[in-house]
2 protein chains.
Amino acid sequence: MGRKRLQPAAGRPTVHTVAARAGVSIASASRVLNGVGGSPETIRKVRQAAAEVGYVPNAIARSLQSQRTGLVALAVADIGNPVYVAMMRAIEAVVAAGGRQLLVHATGGDVATEISLLRRLAHRYVDGMIVSPIRITDSHLEAMVVSPVPVVVVGQLPDDAPVDNVRTDSRAGVALAVDHLLAAGRRRIGFLNGPLDTVPGAARDAGFRAALARHGIPVDEDLIEIGDFQYAAGRAAAARLLARAEPDALLCANDLIAVGALHTLLSEERRVPQEVALVGMDDTELAQMTFPQLSSVSLGSADRGRRAAELLLERIADPDLPPRRAHVAPSLVVRASSIPGGTPRPPAPGQPTAVTAPEPGLGTSPAVPTAAAPMTAMPASPASPRTTSTAGLTTEGGTR
Amino acid sequence: MGRKRLQPAAGRPTVHTVAARAGVSIASASRVLNGVGGSPETIRKVRQAAAEVGYVPNAIARSLQSQRTGLVALAVADIGNPVYVAMMRAIEAVVAAGGRQLLVHATGGDVATEISLLRRLAHRYVDGMIVSPIRITDSHLEAMVVSPVPVVVVGQLPDDAPVDNVRTDSRAGVALAVDHLLAAGRRRIGFLNGPLDTVPGAARDAGFRAALARHGIPVDEDLIEIGDFQYAAGRAAAARLLARAEPDALLCANDLIAVGALHTLLSEERRVPQEVALVGMDDTELAQMTFPQLSSVSLGSADRGRRAAELLLERIADPDLPPRRAHVAPSLVVRASSIPGGTPRPPAPGQPTAVTAPEPGLGTSPAVPTAAAPMTAMPASPASPRTTSTAGLTTEGGTR
DNA sequence: AGACTCCCCGGAAACGTTTACACATCTGGG
DNA sequence: CCCAGATGTGTAAACGTTTCCGGGGAGTCT
């Protein structure tokens, strides 16, 4: 009898400890502790024994048995970029509601790091991963399809890739900004972009050229500068551009670049927006912190994060789902940095005005269907200058 | 013979699969795969079999056996606050070098969430945790000592708490800022603080009053405003303060508050720093992004993060170490927002100047020993305006 | 009263690894 | 020639859970 455990006193209590103390089998103890089955008397004894020894189940052993870790990984280039912070918050919320925790990886935008992370999924240390790569290579795709746990991509992906992904139409987003600036009477729009060999950089470049072409405006290469997606690069790129051209507006590929550009503009004593209008992209928290506040194209980072997390959880629950693709429509949030008359007075100061892009078609549509979109004032709470514009969400390929 | 696995074809390959295919025992297979022992012939067979079936060891099973998860958790209030981003990056680096990954929890500064997180450590889903609580309660302490895995605290802790922790002397940090402002001729220093029932809020309040007292200046309660540690609160608190008093300087309990205050100042058309000098705390990335750039008291967040991670890994390796405490000395980084003549011209524009506080004694010393510290120009690379001032690090209690 | 159902319980097998231990074989030296 | 040691291998026991399955008891229906 009872020859199973030799010295049950050593180490932390396990199910065996509890079972022995309650005088029942480990099966009964486990059942009671999981709330399934058990006679009233057994339940009482086990509960009491567990309380007395301070039993807490071991998460790892449970994972081994249940084949799920309760973890979801997120891999982004730069956890300092507020756009990823917003995404992370949204993902965290969904994932926590699903009873899981979030493991965050910072890849530094490095392809090798990303691949290695995807490959490591083979160890199944997480239940799934959300990844937002700046560049996509064949190795990425191969690692994703080979992975034993599901992967969801935030960002553009080849149309035939059998991977869930949530995307936004950043070309249409750029078009919104260009339309807005042209409607405000600007004619020489400078463009501060990220590297063209990145997915977002390429899309923004294409969007910018297409938008100008649609308005019959020739592209002046002197008005285009390339850096990376960081603050310092934005600051430097703006300085280079201003040294050789006289833009009356600057469109920036993300908010960090825009804040850098704003710094250069102000330190060169150019008035914003009177002399140079400024528009960023991503509509991060940062856009509301600058003075003047930054107009910015929202690409729905929080929505994309939320949607990605939902897709991932659904796929974890049912791996046989067909590959799905979700879209989040961009919208423009207008603030003081691009409005000629300074901060609009009618609502509260710093109140945003939003313009929403029409829903994009399948894949990357060739051009933006609308001409200059009408501006619509959005109702918003006077307490917070946060935009309440809701980006449109669509899903295709799923059976919802 | 071979009656162990009934259908080895199903599911992903395990050690059993590899062993069977190589015609050896699982023990031999495991040994080869771990690189310990094995004859040349066995090694060849096992390697080949593993490659053929694409074997990857299961992280969970390995964890169960080895009693380590390879994960380290970090719990902070707000992953959007750049001070935590800096800390997180530093921790990530150390932890990755130690072959582990980082699990990030956002607590929202909520005590109940923090406690629940600490309690969950009993499940041993991570090898240890770094936590930076805004408030510390007895429940915190109890949960920490009870935890089966080590916990390191970033922030003040009762002196007798048997928990590793790394702290900075934020009172001395506040004193650095006050000294600087007084030396620059400011006399009516406004103070925008966080809640007084938080550890950092209380310390900053005490530091502010002590610094004024040391200079024989009476405290004017009209010049003190309380909000929380966020941007919006800073903006609102500055507006309230400016409505009832006429400060010639504003000292802010962190950079987010300072950026909010800057927004209010600029939108009320007060010139910074000519009319109102501005100093923040934490010296985050944000401080370099504003215009004018923000003077800020560095509390060495990256250093604290790094040190905390080191302490944690050391303790994981040797749980019997005595409780240790590490100190990081604050320093002041002077930028354009607090210098009367605008951006200092001598070095490159936006070049920081740093003043380092003397090493604090044990525990919270009653007052700051130095009078107005001398300003020392720091050499820095012309390319980046990042400060290179290194905060001093000390450890006590350990056997290093 | 017998058969049937339902519920509760305990033994044991899984999950996939590492490793203690025992055994066999081989080598070299006395 | 025989034994000590070294070396390689396989069996089985861990790590801590959940869960399948079969047995037994109590109750109900016919």
Side-chain angles (χ1 to χ4, degrees), chain A residues 1-8 10-46 50 53-70 122-125 127 148, chain B residues 1-8 10-46 50 53-70 122-125 127 148:
Chain A
M1 59 170 290
R3 270 212 86 278
K4 277 298 176 58
R5 297 270 127 185
L6 301 194
Q7 47 274 36
R12 300 193 53 97
T14 73
V15 170
H16 295 88
T17 322
V18 174
R21 187 170 242 264
V24 301
S25 73
I26 59 164
S28 293
S30 173
R31 276 188 290 255
V32 169
L33 294 169
N34 286 6
V36 311
S39 73
E41 174 62 3
T42 317
I43 292 182
R44 191 194 59 72
K45 286 189 296 187
V46 172
V53 299
Y55 169 76
V56 177
N58 181 308
I60 308 249
R62 198 191 287 243
S63 287
L64 180 59
Q65 164 70 27
S66 67
Q67 298 285 69
R68 70 189 282 279
T69 63
H123 292 106
R124 297 199 293 290
Y125 66 102
D127 294 337
Chain B
M1 59 169 289
R3 271 213 86 279
K4 278 295 176 58
R5 298 267 127 185
L6 302 196
Q7 49 273 38
R12 297 193 55 94
T14 74
V15 173
H16 295 87
T17 323
V18 174
R21 187 172 244 263
V24 300
S25 72
I26 60 163
S28 292
S30 174
R31 278 188 289 255
V32 169
L33 294 169
N34 287 7
V36 311
S39 71
E41 174 62 4
T42 319
I43 293 181
R44 192 194 58 74
K45 286 190 296 187
V46 171
V53 301
Y55 169 76
V56 177
N58 181 310
I60 310 245
R62 198 191 288 244
S63 288
L64 179 60
Q65 164 70 27
S66 66
Q67 299 285 67
R68 73 189 279 278
T69 63
H123 292 106
R124 298 200 291 291
Y125 67 102
D127 295 335

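In the text below, chain A, chain B and the rest are named by the order of the sequence lines, each starting its count at 1. The structure displayed is predicted, hence computed values, not measured ones.
- Looking at every heavy atom in both residues, B:G54 comes nearest to B:R12 through O-NH2, 4.5 Å.
- With hydrogens and angles disregarded, a donor-acceptor distance shorter than 3.5 Å links the side chain of A:S63 to the backbone of A:A59.
- Under a 3.5 Å cut-off, the side chain of B:D127 and the backbone N or O of B:T69 do form a donor-acceptor pair.
- The two atoms that bring A:A19 and A:A29 nearest to each other are CB-CB, 3.9 Å, heavy atoms only.
- Proximity of B:S30 to B:L33: side-chain heavy atoms (C-beta onward) are nowhere separated by under 4.5 Å.
- A:V56 comes within 4.0 angstrom of the backbone, heavy atoms only, and of no base.
- Under the 3.5 Å distance criterion, the side-chain polar atoms of B:N58 are matched with a main-chain donor or acceptor of B:I60.
- Summarising the geometry, the separation between CD on A:Q65 and P on D:dT19 is reported as 6 Å, rounded to the nearest angstrom.
- As a whole-Å value, the separation of B:R124 CZ from D:dC15 C1' is 10 Å.
- As a whole-Å value, the separation of B:R68 CZ from C:dT17 C1' is 14 Å.
- Atom CZ of A:R62 and atom P of C:dA14 are 22 Å apart (whole Å).
- In this structure, B:H16 atom NE2 and C:dT17 atom C1' are separated by 9 Å, rounded to whole Å.
- Here salt bridge (charged side-chain N to carboxylate O under 4.0 Å, His left out) pairs that include residues 17-33 of chain A, with residues two or more places apart or in two chains, are A:R21-A:E52.
- OP1 or OP2 of C:dT17 has not a single side-chain nitrogen or oxygen of B:S30 nearer than 4.0 Å.
- Residue B:Q67 contributes atom CD, which lies 12 Å from atom C1' of C:dT18 at whole-angstrom precision.
- One atom, CG of B:L64, and another, C1' of C:dG16, lie 9 Å apart when rounded to the nearest Å.
- Nucleotide D:dT19 holds its P atom 7 Å from the CG atom of A:N34, rounded to whole Å.
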Filtered N/O pairs between nucleotides 7-10 of chain D and protein, under 3.5 Å:
from: D:dT9; atom 1: OP1; to: B:S39; atom 2: OG; distance (Å): 2.8
from: D:dT9; atom 1: OP1; to: B:T42; atom 2: OG1; distance (Å): 2.0
from: D:dT9; atom 1: OP2; to: B:S39; atom 2: N; distance (Å): 3.0
from: D:dT9; atom 1: OP2; to: B:T42; atom 2: OG1; distance (Å): 3.3
from: D:dG10; atom 1: OP2; to: B:S25; atom 2: N; distance (Å): 2.9
from: D:dG10; atom 1: OP2; to: B:S25; atom 2: OG; distance (Å): 3.1
from: D:dG10; atom 1: OP2; to: B:S28; atom 2: OG; distance (Å): 2.9
from: D:dG10; atom 1: N7; to: B:R31; atom 2: NH2; distance (Å): 3.0
from: D:dG10; atom 1: O6; to: B:R31; atom 2: NH1; distance (Å): 3.1

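- Taking only side-chain nitrogens and oxygens, A:Y55 comes nearer than 4.0 Å to OP1 or OP2 of D:dT17.
- Distance alone, capped at 3.5 Å, is enough to place a donor-acceptor pair between the B:S66 side chain and the B:R62 backbone.
- B:S28 places no side-chain N or O within donor-acceptor distance of the main-chain N or O of B:V24, the cut-off being under 3.5 Å.
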Could you write nucleotides 23-28 of chain C as a row of B, S and -, 5' to 3', where a protein heavy atom under 4.0 Å of any base atom gives B, of only sugar-phosphate atoms gives S, and otherwise -? ------
